[in-house]
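Here the structure comes first, spelled out in C-alpha cells, and everything after it is commentary.
Convention: sequence-line order gives letters A, B, ...; per-chain numbering from 1. Here the structure is a predicted model, which means the values were calculated and not measured.
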There are 2 protein chains.
Amino acid sequence: MPKFTTPQLSWLTTLGKEADIVLASRVRLARNLKNLPFPNRANINDLAQIKELIIRLIPAIESATGLKFDYLEIDKLTHLEQQVLVEKHLISKKLLTNPENRLLILSNDASVAIMVNEDDHLRIQCMASGLDLNTPLAKTFAIDDAIEAYLNIAFDEKMGYLTACPTNLGTGLRASVLLHLPALVMTQQLSKIVNISPQLGLAIRNFFGEDNAGNIFQIDNQLTLGFKEQELIDNLNSTVTEIISHEREARKALLNYSPDKLANRVWRSFGILKYARFISENEMLDLVSKVRLGVDLDIIDETKPELLNILLIASQKNYIQNLQQNENMTPQEIDKQRAHIIRKILQELAPDISMS
Amino acid sequence: MPKFTTPQLSWLTTLGKEADIVLASRVRLARNLKNLPFPNRANINDLAQIKELIIRLIPAIESATGLKFDYLEIDKLTHLEQQVLVEKHLISKKLLTNPENRLLILSNDASVAIMVNEDDHLRIQCMASGLDLNTPLAKTFAIDDAIEAYLNIAFDEKMGYLTACPTNLGTGLRASVLLHLPALVMTQQLSKIVNISPQLGLAIRNFFGEDNAGNIFQIDNQLTLGFKEQELIDNLNSTVTEIISHEREARKALLNYSPDKLANRVWRSFGILKYARFISENEMLDLVSKVRLGVDLDIIDETKPELLNILLIASQKNYIQNLQQNENMTPQEIDKQRAHIIRKILQELAPDISMS
C-alpha cells in the first residue's frame, strides 16, 4: 500500500510559500456529534454508530473538497502500518490506544486526514506545504459544512463547539506551522522566541521532542476560545512571519560573519550523510538540517532542498521497518538501513551532471 | 623549483613490495673525512673545505649511481624551502641550525639525499618504495665507494667507521622502514610490538611524533656496532616481515568481525576528507589512514592508495605555505588550504567514471 511505503506527502514538498523556512502548515477542527458521548465515555455500540455515521458522509466530503478519500480501520492495520501513520503525522498516538472503531479518513493526496473517535468524534486535519494556513482553514470549513449539512454537531451558543478536552472548546481549532530554524539555533536566539510565545497565545516546541533535533519546530495556537477562527490564524501567521524574518537575518549573519566555517559545517554534514554506513535518527536530523541550510544559502549544489522533507519520513524507524517488512530489526540494522536509504535518496536528488 | 612544489617522491609511491603496509625503506650511512674535525667542532674554514671536497665528487657519485644530482646550499634557501625539505624527510632539522656550509646533494628522482656537515661530514641517505632495504643499501655502498676512491674516510680497524655520535660508530648505518599499521592500532596490539622491539635492537615510533597520528610508524635499528651491515638489514627486514603479517591478520580480523562497522568508519572518513572546508593535520592523518585501509581492503573504490602517500607531503603546513608563497598563514588559513588541496588530489585520483 503506497500510503505506507512512500515518503512523499503532498503537503511536505518544497513548493509552498516561504518554503526555505516553513515546511508545512496545518489546521484541525475538533467536532462532536450531538447527543452521543465523547469517545472516552462512549461504549462500543456508540463508537460503532459514530463510525458508521461518518463513513456514510465520505461522498459528501469528497464533493465538498473535490478530493478522493479512503478510510482505514485502525484495528485492521499492522502495528508497523499504524506507526507509519503516526510518523507521517496523519494520526496521533492516542488513536492507537483502543484501535477498535477508530478510523483515519485520508484523501488520496494526503492533504486531508480525518481521525474518527480519537479524543473527539471528528478531528478534521488539513495540511499545505510552506506557509499557507488559509487553504487548510477553508478546506476544514468546507468539510465541516458538508458534515453539518447531514449531522447535528454539539454546539453551545455561549461556549461554541463542545469538545472532549476544554482546551479545544470554542472554535475547536488548532493551527500549526512547521519551521526549520537552524540559524536561530546556531546563533542561540531561539530561546527568546520560545520565551515570548506564551504571551502571544502560542506554543513552540521541537518537532522531534529532543532538544533542537533537526532544528525543526512546531508553533501552534494555545487559545481556542474567545476568538474567531480567522483571528487565531492571523495571529499565528503574523508571529510566524516575524520568526521567518529573524531566521533570515540570522542566516545572513552566519553567512557574513563566518562563511567558511558555515561552509565547513555544511559540507562535512553532506559528506557524512553521503558516505556513512550507519546513521542514527538524531544524527541524521542534525546532518540533514545543516545540509538543507547549505542548499538554501547556495553553499551546496550537490543535492536539492527536498532532501530534508523526504528524509523526515523516509528515515524514520517504523517507516524503515515497514519497508523491510520486519518489525524486529535491531537499532543497528535500522541505522544501517537508514544510511542506505539516505544514499539512495541523495543519488536520486543529485544534480544532472551528464552535460557538465 | 619543483623540489618544493611537488608532493611526489619517487620513493613514496605505492609500487614497492608489501606496499599495502610498507610505505618506504631507507638506509643511511654516516661518514667522516679523515683528519678533519667533526662538524660540531669544525671552524668555518674546515666546513667550507669539507663542502668543496664533496661538491667536487658529485660527478663520481653520478656515475656510481647512474642518477643526476643537484646540490642545494641550505643557507641560500628560504625558510619555507628549508622546512619543506624537512617535511619531505630529505634533511634533518639539525642541518638547519647553522645553515652556512651545509648542503643537500639530491638526486633528481629524490631517491638519494646526501647531507653535508650535519652531525657527520656525510650522511648518505637512500630511499625506496615499499619494503626494499637492499636496493638502498647497495646504493649507499656504491656512493660510499665512489667517495672513498677519492678521499680518506675516518676508519678504525677495531671500531669501524668513526662518527660524531657514538651511537653511529661501527657501520654508521641506520636502516628504517615506514609502516602503515591501522589495524594493529585499532585492535590495540601495537603496544606489544613496541614493547619487544628493544630486545631485537630495534626502535619503533610514531612517524609524526603524536600518539598514533596517521597510524604511521618508523622502525629502525638501534645497534650499529658489532654487526655487519647486511646482518643489521636482515634483522630489521625479518622483524618488519613479522609485523606485516600481524597487521594483515588484524586487518582480516577487522573485516571478519565487523565489516559494517569498519566500512562505516572508512566511508565516513572519506566523506569528511572529500567535503570538509577546514582540516587540521592530525585530523587529516586520521582520516586518510582510515581511507587508505579501506582502499587496501577493497571497501572503497572512489580513490587510490597513493592518496595517503601524496598527502603525507602535500598537506603539511610548510609545503602548503610554500605553495602559497606566504610564510605568515594563520593555522585557520592553512587548514582551509589543506582541505582545498585534499579535494583537488581526491579529484585527480577519482576513478574514471566516463564509461561507467
Side-chain angles (χ1 to χ4, degrees), chain A residues 254-255 257-280 283-284 286-288 290-295 297-303 307 329-344 346-347 350-356, chain B residues 254-255 257-280 283-284 286-288 290-295 297-303 307 329-344 346-347 350-356:
Chain A
L254 283 174
L255 258 188
Y257 179 68
S258 50
D260 289 338
K261 266 195 192 165
L262 184 62
N264 189 44
R265 292 170 86 169
V266 160
W267 278 112
R268 280 175 177 253
S269 301
F270 181 76
I272 296 171
L273 266 188
K274 183 165 169 182
Y275 288 107
R277 262 48 185 173
F278 292 93
I279 301 190
S280 71
E283 187 186 12
M284 180 278 296
D286 174 56
L287 296 172
V288 79
K290 294 207 177 75
V291 169
R292 171 65 184 262
L293 178 65
V295 172
L297 294 177
D298 289 327
I299 294 169
I300 269 195
D301 55 3
E302 293 203 21
T303 188
L307 178 71
M329 289 172 78
T330 65
Q332 268 213 337
E333 287 169 334
I334 294 173
D335 287 354
K336 186 178 171 182
Q337 196 56 32
R338 179 179 292 114
H340 176 77
I341 287 171
I342 292 170
R343 289 201 302 283
K344 224 178 99 192
L346 275 171
Q347 250 172 8
D352 186 3
I353 53 157
S354 59
M355 300 300 293
S356 70
Chain B
L254 283 175
L255 258 188
Y257 180 68
S258 50
D260 289 337
K261 267 195 192 163
L262 184 62
N264 190 44
R265 292 170 85 169
V266 160
W267 278 112
R268 279 174 178 253
S269 301
F270 181 75
I272 296 170
L273 266 188
K274 184 165 168 182
Y275 288 107
R277 263 46 186 173
F278 292 93
I279 301 189
S280 71
E283 187 186 13
M284 180 279 296
D286 174 56
L287 296 172
V288 79
K290 293 206 179 74
V291 169
R292 172 63 184 265
L293 178 64
V295 172
L297 294 176
D298 289 326
I299 294 169
I300 267 194
D301 55 3
E302 292 202 23
T303 188
L307 178 72
M329 288 171 78
T330 64
Q332 268 214 337
E333 287 169 335
I334 294 172
D335 287 355
K336 184 178 173 182
Q337 196 56 33
R338 179 179 293 114
H340 176 77
I341 287 171
I342 292 170
R343 289 201 302 284
K344 224 179 97 191
L346 275 171
Q347 250 173 8
D352 187 4
I353 54 155
S354 58
M355 302 297 295
S356 70

Close contacts, [range] versus chain B, judged by heavy atoms under 4.5 Å:
range: residues 331-341 of chain A; answer: A/Gln332, A/Lys336
range: residues 269-278 of chain A; answer: A/Phe270, A/Gly271, A/Ile272, A/Lys274, A/Tyr275, A/Ala276, A/Arg277, A/Phe278
range: residues 261-268 of chain A; answer: A/Lys261, A/Ala263, A/Asn264, A/Trp267, A/Arg268

Fill in: Under 4.5 Å from a heavy atom of chain A, the part of B/Ile279 involved
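Both parts, backbone and side chain.
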
